[in-house]
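Reading through the structure tokens given below for one structure.
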Amino acid sequence: MKKVGFFRSIHLKFVLIYVLLILVAMQIIAVYFVDGLEDKLRANFESSLKQQVNILSFSIEEEMVKERDKNSATLEEEINQLLRDNKAGDIQEIQVIDSGSKIIGTSKADDGDGIVGRRSTNNLVKLSLLGTEQSNVQVVKKTGKRIWVLSSPIKSRGETIGAIYLKADIESVFEQIKEINKIFTTGTAIALGITAILGILLAQTITRPMSDMRRQALAMAKGNFSRKVKVYGYDEIGQLAITFNNLTKKLQDAQSSTEGERRKLASVLSYMTDGVIATDRKGRIILINEQAAKMLNVSRETVISQDIVPLLDLEDQYTFEGLLEETESVILDNSTTAKDLILRANFSVIQRETGFVNGLIAVLHDITEQEKVEEERREFVANVSHELRTPLTTMRSYLEALTEGAWRDESIAPNFLKVTQKETERMIRLVNDLLQLSKLDSKDYKITKDWVDFTEFFHHIIDRFEMSKDQNVSFVRELPDKAIFVEIDEDKITQIIDNIISNALKYSPEGGQIRFRVRELDGEIEISIKDQGMGIPKDNVVKVFERFYRVDRARSRKLGGTGLGLAIAKEMVTAHEGKIWAESEEGKGTAIFFTLPYNPDQEDEWA
């Protein structure tokens, strides 16, 4: 390969770019001189005013120490005139203060709004009366402009006899600095623009072939070997482009024989919903698709070359040889505290035509939902069977007794029939609740909403229970004194509240109290019904809304409960886009809360 000449070398191109960068950097450095210029302008401004103050201080000193007769002008008049004569240029106001902090003169016309004769409370003046000169820059709140303030002592024979307080407009200095900054900014922008244009022109000669090679490298990474890099010259980059094209041709020849099969395999693995793992003949993983990595919560890069048996957590049950002989599905429980995950693994041996084992393929299928549904189905069937068996057993016993002649005994027959009727009604309630839950679970379940004054609506329900209750239980109402209009299905919400109040009455002791409350919150209302019953253990509070759950099963059956009331209430509240929860303390009672959407802005339309 020929040696690249100097004038074709990429080094020369980089040298040109560095020279231009240095020139631009020098231009930027020049901007820093603005700070020095700003200090100089301010120093000149302050020095000029201080000289004027020094001259004025000498004149004022003479006026303050000289003797006056009755016919001469007063000290205040002389000083006022002197200050007005010396006020010029950027000076806004000059005041003279005597050693007792009293203002004895001002440059403002007409006595400066009567400030002459007043005592000065300015801190700078106080420090000046102690013999030190003070100055600073202040901002006027009304205009936002800056002023320079100077307070200089007036001395006579080494003693401070007063002070001169001066305010001058320094905004002009900052305006000058601002103009200079604009000039530098414009110059810098022009320089940057020219530099950018030159940089682009120069960079194109270097980056264009490099960009082409980069695109070629990306295409090669994707398996495209058909394109070639354009050769722009015969410098180092040109020689690299030629080498790149030769490499592409060789890779294309090597890739063509296997590309078709690789694409088929990649496509199948990418679009499979099941996880796939392939191993070599020793059980080391050589391939794992994305779905399998997600199921096992591992990184595809880290598991390559690892053994499949520990990856599937089957060390206690199988060896790799055992998996080769396994013909049935293997259930893997990969559940964590945060997420349930049950997998079914099927294994297939990879064999050559000679029968030699070349590896193993494992297909993982997520059966978490199926297992969950199956478990819920088993639990539901068990609960329903248990709930139906108890009343049916009771009814069979009493009916058998009646059949054997107990119906002739007038002392026990009515009681047997009453128990049978009670158990029949209990089964009817259970079946009705199951039908209600079935409707709530169906996708086509709908609720019919209408606007209701919830305060009046809640009062009516409470009144109904208060009139029909046969217990010594008092009702306490904490309801708003105003109308609260919400959009609800009146029948469904009535059923919810009826279930909650019925439970509260069942578990309330004699002489107990049930408290009803409605609160307005942000975007919703909160309804609570609290009893003073036996309460619920802390660990079981969240379970009260599960189907067939009851704290005291024996007492619930005695009172006719099915264990489905709060489960139905939860489904109905959820259908209204609300939330329901319970708070309880053993021995002190239970409170059921639920919320309903509430928009107070719409009340005027329905009031």
Side-chain angles (χ1 to χ4, degrees), residues 29-65 78-99 101-109 112-113 115-116 118-185:
I29 291 172
V31 176
Y32 289 99
F33 285 104
V34 175
D35 290 337
L37 182 60
E38 179 181 350
D39 295 337
K40 187 66 176 176
L41 289 174
R42 287 188 59 176
N44 290 340
F45 178 84
E46 295 174 3
S47 176
S48 174
L49 290 178
K50 285 180 179 179
Q51 288 178 4
Q52 294 184 43
V53 169
N54 289 337
I55 296 171
L56 182 60
S57 176
F58 179 76
S59 301
I60 293 174
E61 177 193 352
E62 290 183 342
E63 291 294 334
M64 293 178 71
V65 299
E78 292 290 345
I79 290 177
N80 282 339
Q81 186 61 42
L82 188 61
L83 296 178
R84 290 167 189 156
D85 293 340
N86 282 274
K87 179 185 176 184
D90 295 321
I91 298 175
Q92 293 182 348
E93 181 184 2
I94 309 174
Q95 294 179 4
V96 177
I97 300 94
D98 63 13
S99 59
S101 298
K102 184 176 76 173
I103 300 173
I104 59 174
T106 179
S107 62
K108 285 188 176 181
D113 298 328
I115 64 174
V116 175
R118 297 181 183 177
R119 292 180 64 83
S120 175
T121 59
N122 194 292
N123 290 330
L124 296 180
V125 173
K126 292 179 180 180
L127 293 173
S128 296
L129 292 176
L130 295 176
T132 60
E133 185 177 79
Q134 303 291 324
S135 66
N136 63 20
V137 176
Q138 300 177 356
V139 179
V140 180
K141 292 183 179 179
K142 293 183 179 179
T143 62
K145 293 185 176 181
R146 287 161 285 195
I147 60 172
W148 183 68
V149 178
L150 172 67
S151 182
S152 178
I154 303 172
K155 296 186 177 181
S156 177
R157 298 178 182 179
E159 294 183 0
T160 302
I161 62 173
I164 297 177
Y165 179 72
L166 176 142
K167 291 193 291 187
D169 184 6
I170 198 174
E171 194 67 34
S172 59
V173 174
F174 289 100
E175 288 293 336
Q176 293 178 26
I177 297 170
K178 188 176 180 181
E179 289 297 324
I180 294 170
N181 281 329
K182 286 182 180 179
I183 295 172
F184 270 102
T185 302

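Considering OG of Ser99 and CG of Leu130, their distance stands at 11.5 Å, rounded to 0.5 Å. Atom OG in Ser156 sits 13.0 Å away from atom CD1 in Ile60 (nearest 0.5 Å). Note: Leu166 CG to Ile91 CD1 = 5.0 Å, rounded to the nearest 0.5 Å. Summarising the geometry, atom CD1 belonging to Ile147 is positioned 8.5 Å from atom CG belonging to Asn136; distances are rounded to the nearest 0.5 Å. With rounding to the nearest 0.5 angstrom, the NZ atom of Lys126 is 13.0 Å from the CD atom of Gln134.
Within the 4.5 Å cutoff, no side-chain heavy atoms of Gln176 are placed close to those of Glu179. The closest side-chain heavy-atom distance from Ile94 to Ile164 is below 4.5 Å. No side-chain heavy atom of Leu41 sits less than 4.5 Å from a side-chain heavy atom of Phe174. A heavy-atom distance below 4.5 Å is not found between the side chains of Val125 and Gln95.
Test Arg146, Lys178, Lys145 against Glu171 for salt bridge (Lys or Arg N to Asp or Glu O under 4.0 Å) and you get one pass: Arg146. A side-chain contact (heavy atoms from CB on, under 4.5 Å) with Leu150 is found for one member of Gln52, Lys167, Lys50 and no other, namely Lys50.
Panel note: side chain Thr132, backbone Leu127; a donor-acceptor pair is recorded below 3.5 Å. Between the side chain of Glu133 and the main chain of Ser152, no donor-acceptor pair closer than 3.5 Å is present. With hydrogens and angles ignored, the 3.5 Å screen pairs a side-chain donor or acceptor of Ser128 with a backbone N or O of Leu124.
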What's the verdict on side-chain contact (heavy atoms from CB on, under 4.5 Å) for Asn122 and Ile97, showing C-alpha distance, side-chain angles and the deciding distance?
-> CA-CA 11 Å; Asn122 194 292; Ile97 300 94; over 6 Å; no
Give the intermediate values and the outcome of side-chain contact (heavy atoms from CB on, under 4.5 Å) for residues Leu129 and Ser101.
-> CA-CA 8 Å; Leu129 292 176; Ser101 298; 3.4 Å; yes
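The heavy-atom pair separating Phe45 from Asp169 by the smallest distance is CZ-O, 3.4 Å. The shortest heavy-atom contact between Pro153 and Thr160 is CB-CG2, 4.0 Å. The minimum heavy-atom distance between Leu49 and Ala168, with the atom names listed, is CD1-CB, 3.3 Å.
Annotation: Glu159, atom CD; neighbour count of heavy atoms from other residues, nucleotides and ligands within 6.0 Å does not exceed 12.
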